[in-house]
Amino acid sequence: ARHLEGEGDNSGALAALQRAAAAEPKSAEVRAEIAAFQLRHNQRADAEKAAREALAIDSNNLEANRVLGSILADESERENTNPQQIAGYIRDAITYLEKAAAASTGVADPNVNYRLGRLYLRSGQPDKATQALARVLSQNPGSRQARLSMAQAQAQNKDLRGAIVTLEEIVDDEPGVASALGQYQEQAGLLKDAVDSYTLALSV
């Protein structure tokens, strides 16, 4: 299946995965592979179905938890969704992505931790957000989006100095963060520094 997908034969790859699932009906791993395949190809309903089938066999399966958590995180960002539904999606997405992070061995998946960090922020858990985003930055210290999210989490946690330092470390290489840096400097009363950052932002 992986070979066929790499060759661009997606229908052949899916057929191979389905044969594997029929041959190993108690394998959570094969169903998780199907879920990941379907998600990569934007077949979200099929991906969710396969992920839930995998989790019914093994509730701790890393890939199935990652897929289902990602789908629910995306659902929480859809427009015209009522606040109660959004809160439910966020809560469930966190649950599945936490299981995916816990099942990870060796190098952690920065994408899982980044999504967790963003979800923690949206659910008002800045302490957990900073922990998840710190894991992302340990692998990708130059990530602009991770830095902006980390600064947001620190500011939400009333650590303005930490938010400022987080962005100061990359502003020379990523001047696009200057506007956010200026806002935190202004809130901290560092008005001259804020003027410099806003001036840089305008030049960008």
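Throughout, residue positions are numbered sequentially from 1 according to the sequence presented.
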Enter the distance from [X]:[atom1] to [Y]:[atom2] here, rounded to the nearest 0.5 Å.
X: Asp159; Y: Gln156; atom1: CG; atom2: CD; answer: 12.5 Å
X: Leu68; Y: Tyr96; atom1: CG; atom2: OH; answer: 5.0 Å
X: Ser138; Y: Leu133; atom1: OG; atom2: CG; answer: 11.0 Å
X: Glu53; Y: Asp58; atom1: CD; atom2: CG; answer: 14.0 Å
X: Met150; Y: Gln152; atom1: CE; atom2: CD; answer: 12.0 Å
X: Asn113; Y: Arg135; atom1: CG; atom2: CZ; answer: 4.5 Å

Same cluster or not: are [X] and [Y] linked, directly or through other Ile, Leu, Val, Met, Phe, Trp or Tyr residues, by side-chain heavy atoms under 4.5 angstrom apart?
X: Ile170; Y: Leu137; value: no
X: Val195; Y: Tyr184; value: no
X: Leu190; Y: Leu181; value: yes
X: Ile90; Y: Val112; value: yes
X: Val177; Y: Leu160; value: yes

Residues [X], [Y]: salt bridge by 4.0 Å N-O rule:
X: Arg144; Y: Asp173; answer: no
X: Arg78; Y: Glu75; answer: yes
X: Arg44; Y: Glu48; answer: no

Evaluate the side-chain proximity of [Y] to [X]: yes if any heavy-atom separation is below 4.5 Å, no if none is.
X: Tyr120; Y: Glu98; result: yes
X: Gln125; Y: Ile94; result: yes
X: Gln43; Y: Leu39; result: no
X: Gln38; Y: Lys49; result: no
X: Gln183; Y: Ser197; result: no
X: His41; Y: Asn10; result: yes
X: Leu119; Y: Leu97; result: yes
X: Pro126; Y: Lys158; result: no

Over all heavy atoms of both residues, which pair between [X] and [Y] is shortest? Give the atoms and the distance, please.
X: Gly162; Y: Gln154; value: O-OE1, 3.1 Å
X: Thr130; Y: Ala153; value: CG2-CB, 3.6 Å
X: Ala54; Y: Ala32; value: CB-N, 3.8 Å
X: Glu186; Y: Tyr198; value: OE1-OH, 2.8 Å
X: Asp92; Y: Leu72; value: CB-CD1, 3.7 Å
X: Val30; Y: Ala21; value: CG1-N, 3.5 Å

[X] (side chain) donor-acceptor with [Y] (main chain) under 3.5 angstrom:
X: Arg147; Y: Glu174; value: no
X: Asp109; Y: Asn111; value: yes
X: Asn65; Y: Asn61; value: yes
X: Asn82; Y: Gln84; value: yes
X: Ser149; Y: Ala146; value: no

Can you confirm whether Arg40 is buried at CZ, in the sense that more than 12 heavy atoms of other residues, nucleotides or ligands lie under 6.0 Å from that atom?
yes

Please identify each residue that fulfils side-chain contact (heavy atoms from CB on, under 4.5 Å) with Ser104, with sequence neighbours left out.
Leu62

Pair Glu33, Arg2 - check side chain to side chain contact (heavy atoms under 4.5 Å, CB included), show working.
CA-CA 10 Å; Glu33 283 278 343; Arg2 290 171 181 168; 2.5 Å; yes

Could you go through Arg122 and Ser76, starting from their C-alpha distance and side-chain angles, then the distance that decides it, and tell me whether this counts as side chain to side chain contact (heavy atoms under 4.5 Å, CB included)?
CA-CA 10 Å; Arg122 295 175 64 199; Ser76 75; 2.7 Å; yes

Would Ser27 and Ile57 count as a side chain to side chain contact (heavy atoms under 4.5 Å, CB included) if you check the C-alpha gap in whole Å, the side-chain angles of each, and the deciding distance to 0.1 Å?
CA-CA 7 Å; Ser27 171; Ile57 298 169; over 6 Å; no

Given the rule in the side chain to side chain contact (heavy atoms under 4.5 Å, CB included) test, do Glu168 and Gln185 qualify, once you have shown the distances and angles that lead to the verdict?
CA-CA 10 Å; Glu168 281 180 339; Gln185 290 167 330; 3.7 Å; yes

